[in-house]
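Since the structure comes first, as structure tokens, the remarks are kept for the end.
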Amino acid sequence: KTGTTSTQLRGAALVTGNLRLTSGTFTVSVGTHTMAVGGDLLLDGGSLNTSSVGTLEVAGDVVHTGTTVSSGMPTIRFGGDWTGNGSTFAPTGGLAVSTGTGATLSGAALRFATLQIAAGASTTASSDLTVTQDLVVDGAMSANGTSTSVGVDLTVNGSLGGAANL
């Protein structure tokens with residue numbers, strides 16, 4: 001998505017390749033709609049938000065290099081890695097769900113409102129991580145000596161390994 005206009009997801013949608021946001025505003029969604037992305041979600045610029053519960057179901061990686069997320073974000077379920085390379089990703093609401101095996105959370109300024117590691121998923125945090133609300137580990141998470149800050153609740157139904165500083 002490019003340009004300065006606002007785009008809203010108002011129904012189910014499928015993107016067979018990558019979804020790249022470079023400018024303007026992308027709102028997911030008005031209602032409880034899902035956009036399935038067959039490739040990666042590339043957040044290069046513009047802004048991402050949600051006006052109610054909406055979901056981005058990403059088969060691949062999420063790479064953040066500059067899109068502003070300063071309020072609520074949609075639910076983002078991702079099967080690959082999450083790479084944060086910008087300080088403009090600071091959601092105050094919303095859910096990120098790691099669903100893949102062997103996924104890595106890395107980069108600078110990793111911040112989530114709520115982060116869940118789904119049952120059957122395995123995720124390694126290789127950078128410091130801030131979760132302002134809840135961290136829910138239903139699968140396996142390893143922190144490998146990084147610092148993890150949790151604002152409200154830490155729930156471990158699966159396994160939490162590594163030398164995490166919580």
Side-chain angles (χ1 to χ4, degrees), residues 1 15 17-23 26 28 35-50 54-166:
K1 189 231 173 280
V15 176
N18 295 337
L19 175 62
R20 181 182 301 268
L21 176 61
T22 59
S23 61
F26 183 52
V28 182
M35 174 178 275
V37 179
D40 298 335
L41 176 60
L42 308 168
L43 302 172
D44 298 336
S47 63
L48 174 69
N49 62 46
T50 187
T55 301
L56 288 172
E57 184 80 40
V58 181
D61 299 336
V62 175
V63 180
H64 176 264
T65 59
T67 296
T68 299
V69 181
S70 58
S71 60
M73 71 172 206
T75 295
I76 300 176
R77 295 177 53 85
F78 59 101
D81 298 333
W82 186 294
T83 304
N85 293 322
S87 60
T88 58
F89 191 87
T92 58
L95 170 65
V97 182
S98 177
T99 61
T101 57
T104 300
L105 306 175
S106 65
L110 286 179
R111 180 182 171 120
F112 300 93
T114 300
L115 175 64
Q116 178 183 5
I117 311 304
S122 61
T123 303
T124 299
S126 63
S127 299
D128 290 348
L129 179 65
T130 299
V131 181
T132 59
Q133 295 174 20
D134 301 328
L135 173 59
V136 179
V137 181
D138 291 325
M141 181 175 176
S142 176
N144 290 343
T146 61
S147 175
T148 301
S149 171
V150 178
V152 180
D153 288 325
L154 169 63
T155 304
V156 180
N157 298 314
S159 64
L160 180 61
N165 297 312
L166 292 173

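Both backbone and side-chain heavy atoms feed into the values below; hydrogens, waters and symmetry mates do not. On a predicted model such as this, the values are computed, not experimentally measured, just so you know.
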Worksheet item: Quick one: salt bridge (charged side-chain N to carboxylate O under 4.0 Å, His left out) pairs with a partner in residues 55-64, sequence neighbours left out?
Response: E57-R77
Worksheet entry | L43 CG to T65 OG1 distance, which is reported to the nearest 0.5 Å | 7.5 Å
Practice prompt. Write out all pairs satisfying side chain to side chain donor-acceptor pair (under 3.5 Å) with one or both partners inside residues 106-122, taking only residues at least two apart or from two chains.
Written response: T114-Q133, Q116-D138
Practice prompt. Keeping the roles fixed (side chain from S142, backbone from L160), state whether a donor-acceptor pair exists under 3.5 Å.
Written response: no
Worksheet item: In chain order, what residues pass the side-chain contact (heavy atoms from CB on, under 4.5 Å) check against D128, with sequence neighbours excluded?
Response: T146, S147
Item to complete: For T68, enumerate each residue passing the side-chain contact (heavy atoms from CB on, under 4.5 Å) test, keeping only those at least two apart in sequence or located in another chain.
Response: S47, S70, T88
Worksheet item: So do the side chains of V150 and T155 get within less than 4.5 Å of each other, counting heavy atoms only?
Response: no
Response to the item:
Sequence neighbours excluded, the answer for side-chain hydrogen bond (donor to acceptor under 3.5 Å, both in side chains) partners of S98 is T123
Discussion item. With a 4.5 Å cut-off on side-chain heavy atoms, are P74 and T55 touching?
Written reply: no
Worksheet item: Does some side-chain heavy atom of M35 sit less than 4.5 Å from a side-chain heavy atom of V15?
Response: yes
Fill in: For D44, all residues meeting salt bridge (charged side-chain N to carboxylate O under 4.0 Å, His left out), sequence neighbours excluded
R20
Discussion item. Has T99 got a side-chain atom pairing as donor or acceptor with F78's backbone, closer than 3.5 angstrom?
Written reply: yes
Worksheet item: Once you round to the nearest 0.5 Å, how far does CG of D40 lie from CG of N18?
Response: 4.5 Å
